[in-house]
**Q** 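Attaching a single structure in structure tokens format; questions to follow.
Letters A, B, ... mirror the listed sequences (proteins, then strands); counts begin at 1.
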2 protein chains.
Amino acid sequence: MTSSDDALILEQQLCFALYNASRALIRAYGPLLEPLGLTYPQYLVMLVLWEIKSATVKALGERLALDSGTLTPLLKRLEQRGLIQRKRDPEDERVVRITLTAEGQNLKEQARSVPADLICRTGGDPHDSASLEQVALLRQALQLLTAQIQQQSSKAEKI
Amino acid sequence: MTSSDDALILEQQLCFALYNASRALIRAYGPLLEPLGLTYPQYLVMLVLWEIKSATVKALGERLALDSGTLTPLLKRLEQRGLIQRKRDPEDERVVRITLTAEGQNLKEQARSVPADLICRTGGDPHDSASLEQVALLRQALQLLTAQIQQQSSKAEKI
DNA sequence: GAAAATTTAATTGTATGCAATTTAATTGTT
DNA sequence: AACAATTAAATTGCATACAATTAAATTTTC
């Protein structure tokens with residue numbers, strides 16, 4: 001094996017580390033979200049709605065970096081479950097506005113313990129500020145990376 | 001909004017930061033892998049095979065943290081493309097061994113430039129050791145996190 | 001050595017992701 | 001106003017992910 005092969009080793013790849021960590025963490029959410037009857041992407045949508053009460057599909061898509069191809073069927077499932085309502089905006093019939101039902105709002109109370117539970121499941125202690133700081137630093141590094149990637153790829157589009 | 005709501009803000013979630021960064025980076029791979037005719041998970045499988053030449057489905061699954069439900073159809077597609085061969089082990093008929101075809105081996109040459117190209121696409125400079133070190137540090141942090149999650153969840157299974 | 005337990009892939013079913021296209025509504029332009 | 005361009009969702013098609021089940025082969029155990 002030549003030295004130029006090193007760059008092609010799986011474990012050298014930042015992307016695989018990310019992909020792997022992301023899936024591992026999402027899998028860890030499974031048992032916590034199952035009692036809420038939510039999948040992980042559904043939980044993300046609910047997080048946004050719990051915060052801002054109401055959003056268009058477009059706004060959800062921008063916040064979560066998901067397109068209508070993913071969101072439309074996901075939102076229909078949340079509607080079926082009775083957690084949200086989907087309604088065309090009378091002012092602009094292109095827009096679909098999502099609002100929480102009472103049941104959707106109530107689910108927030110059950111979700112409150114999820115983040116701390118999850119930290120426990122990653123081997124951290126939610127009351128230990130060192131654990132929390134580690135997590136915050138990693139999160140910030142990831143957010144910076146994401147911003148850089150998005151900036152670069154929007155640049156590449158213009159070529 | 002009460003202070004206990006802070007933990008439910010999307011941008012506070014390590015998991016969303018991971019999920020988002022992972023998808024952004026995989027999307028950035030798209031244009032680089034398209035000429036190779038590979039999807040990102042297919043590229044990961046090929047990385048392993050380029051390294052170790054031959055592997056069972058089980059070994060691939062362990063290395064990539066993917067199960068047969070994902071790998072079996074993916075490997076059939078790689079076989080269709082003529083990049084790999086799938087063959088039952090005569091010693092143990094349960095086992096399916098994957099080997100590279102000549103075409104699969106040759107594809108490695110075209111893949112060599114992918115990692116450096118990708119660093120450019122994330123706004124880094126593949127010749128700048130500071131960039132590389134940043135990436136390596138982040139990668140190690142993610143690998144540690146993944147190991148912690150897997151350790152904890154294997155512990156939880158035993159309850 | 002036969003039955004039980006285990007192991008390895010494949011299969012089934014559900015839910016994403018995402019590119020590409022389509023549809024419908026709105027906006028901009030002449 | 002008429003028509004082109006744009007915008008927002010939905011739809012289509014393909015490829016994952018992954019839990020759960022099945023099927024077949026092998027090991028273990030009694």
Side-chain angles (χ1 to χ4, degrees), chain A residues 15-16 18-31 33-34 37-46 55-62 64-81 86-98 150 153 157, chain B residues 15-16 18-31 33-34 37-46 55-62 64-81 86-98 150 153 157:
Chain A
C15 193
F16 176 66
L18 261 172
Y19 166 79
N20 212 9
S22 174
R23 286 183 304 130
L25 199 43
I26 289 172
R27 273 195 300 271
Y29 267 95
L33 296 181
E34 198 264 346
L38 294 175
T39 65
Y40 180 71
Q42 290 170 6
Y43 171 69
L44 294 181
V45 168
M46 294 301 288
T56 65
V57 173
K58 180 181 164 61
L60 284 173
E62 281 169 356
L64 299 167
L66 291 170
D67 70 4
S68 66
T70 302
L71 284 174
T72 296
L74 186 157
L75 292 169
K76 283 181 179 172
R77 278 175 216 117
L78 290 179
E79 189 182 35
Q80 288 289 314
R81 273 219 44 213
R86 296 162 64 242
K87 225 173 116 186
R88 291 274 168 188
D89 184 342
E91 302 289 308
D92 185 340
E93 288 279 349
R94 290 172 302 181
V95 174
V96 170
R97 180 158 289 278
I98 310 297
Q150 285 168 348
S153 51
E157 271 167 23
Chain B
C15 193
F16 176 66
L18 261 172
Y19 166 78
N20 213 7
S22 174
R23 285 183 304 128
L25 199 42
I26 289 172
R27 273 194 302 270
Y29 267 96
L33 296 181
E34 198 264 347
L38 294 174
T39 65
Y40 180 72
Q42 290 169 6
Y43 171 69
L44 294 181
V45 168
M46 294 302 287
T56 65
V57 173
K58 180 181 163 61
L60 284 172
E62 281 170 356
L64 299 167
L66 291 170
D67 70 5
S68 66
T70 301
L71 283 175
T72 296
L74 186 157
L75 293 169
K76 284 181 179 173
R77 278 175 216 117
L78 290 179
E79 189 182 36
Q80 288 288 314
R81 271 221 43 214
R86 295 162 65 243
K87 224 173 117 185
R88 290 275 168 188
D89 183 342
E91 301 290 308
D92 185 340
E93 288 279 349
R94 291 171 302 182
V95 172
V96 170
R97 180 159 290 278
I98 310 298
Q150 285 168 348
S153 51
E157 272 167 23

**Q** Does A:Leu71 reach the side chain of A:Asp67, with side-chain heavy atoms less than 4.5 Å apart?
**A** no
**Q** Any side-chain heavy atom of A:Ile98 within less than 4.5 Å of one from A:Val45?
**A** no
**Q** Looking at C:dA15, C:dG17, C:dA25, which one has an atom nearest to any side-chain atom of B:Tyr19?
**A** C:dG17
**Q** Over all strands shown, is A:Glu91 touching base, sugar-phosphate only, or nothing at heavy-atom distances under 4.0 angstrom?
**A** sugar-phosphate
**Q** Over all strands shown, is A:Arg27 touching base, sugar-phosphate only, or nothing at heavy-atom distances under 4.0 angstrom?
**A** sugar-phosphate
**Q** Let's see if you get this right: which residues in residues 68-76 of chain B place a heavy atom under 4.0 Å from DNA chain C?
**A** B:Ser68, B:Gly69, B:Thr72, B:Lys76
**Q** Where the side chain of A:Glu93 is concerned, which of C:dG17, C:dT26, C:dA15 is the nearest nucleotide?
**A** C:dT26
**Q** Would you call the rings of B:Tyr19 and A:Tyr40 parallel, tilted or perpendicular if under 30° counts as parallel and over 60° as perpendicular?
**A** perpendicular
**Q** Can you list everything that forms a side chain to side chain donor-acceptor pair (under 3.5 Å) with A:Arg81? Sequence neighbours excluded, please.
**A** none
**Q** What's touching nucleotides 4-7 of chain C from the protein side, N or O pairs under 3.5 Å?
**A**
{"from": "C:dT7", "atom 1": "O2", "to": "B:Arg94", "atom 2": "NH1", "distance (Å)": "3.1"}

**Q** Calculate, to the nearest 0.5 Å, the distance between atoms CG and CG belonging to B:Leu78 and B:Leu74 respectively.
**A** 5.0 Å
**Q** Select base, sugar-phosphate, or nothing to describe what B:Arg23 touches, counting heavy atoms under 4.0 Å on all strands.
**A** sugar-phosphate
**Q** With rounding to the nearest 0.5 angstrom, report the CZ to CD distance, B:Arg27 to A:Gln150.
**A** 6.5 Å
**Q** For A:Tyr43 and A:Leu33, work out which heavy atoms get closest and say how close.
**A** CD1-CD2, 3.5 Å
**Q** Answer yes or no: does a side-chain N or O of A:Arg77 lie under 4.0 Å from OP1 or OP2 of C:dT16?
**A** yes
**Q** Rounding to an integer number of Å, can you tell me how far A:Leu44 CG sits from C:dG17 C1'?
**A** 13 Å
**Q** Which is more 5' along DNA chain D, the nucleotide nearest B:Leu66 or the one nearest A:Asp67? Just name the residue.
**A** A:Asp67
**Q** Which is true for B:Ala65 with a 4.0 Å heavy-atom rule: it touches a base, it touches only sugar-phosphate, or it touches nothing?
**A** sugar-phosphate
**Q** Tell me: CD of B:Gln42 to C1' of C:dC18, nearest whole Å?
**A** 15 Å
**Q** How many Å lie between CD1 on B:Ile26 and C1' on C:dT16, as a whole number?
**A** 13 Å
**Q** Between A:Thr39 (side chain) and A:Gln42 (backbone), is there a donor-acceptor pair under 3.5 Å?
**A** yes
**Q** Hey, does A:Asp92 reach any base, or is it just sugar-phosphate, or nothing, if we go heavy atoms under 4.0 Å?
**A** sugar-phosphate
**Q** In whole Å, I'd like the distance from the CD atom of A:Glu34 to the C1' atom of C:dT14.
**A** 14 Å
**Q** Can you spot which of B:Leu25, B:Ile26, B:Asn20 makes a side-chain contact (heavy atoms from CB on, under 4.5 Å) with B:Arg23?
**A** B:Asn20
**Q** List in chain and number order the residues that pass salt bridge (charged side-chain N to carboxylate O under 4.0 Å, His left out) with A:Glu79, two or more places apart in sequence or in another chain; answer none if no residue qualifies.
**A** A:Arg86
**Q** Could you list the residues that satisfy side chain to side chain donor-acceptor pair (under 3.5 Å) with A:Glu93, not counting sequence neighbours?
**A** none
**Q** Map A:Pro90 and B:Val57 onto DNA chain C by nearest heavy atom, then report which one ends up closer to the 5' terminus.
**A** B:Val57
**Q** Just the endpoints, please: which first and last nucleotides of DNA chain D, 5' to 3', lie under 4.0 Å from a heavy atom of chain B?
**A** D:dA15 to D:dT26
**Q** Could you tell me whether a side-chain N or O of A:Thr72 sits under 3.5 Å from a main-chain N or O of A:Ser68, the two making a donor and an acceptor?
**A** yes
**Q** Touch check for B:Arg97, heavy atoms < 4.0 angstrom, all strands: base, sugar-phosphate only, or nothing?
**A** nothing
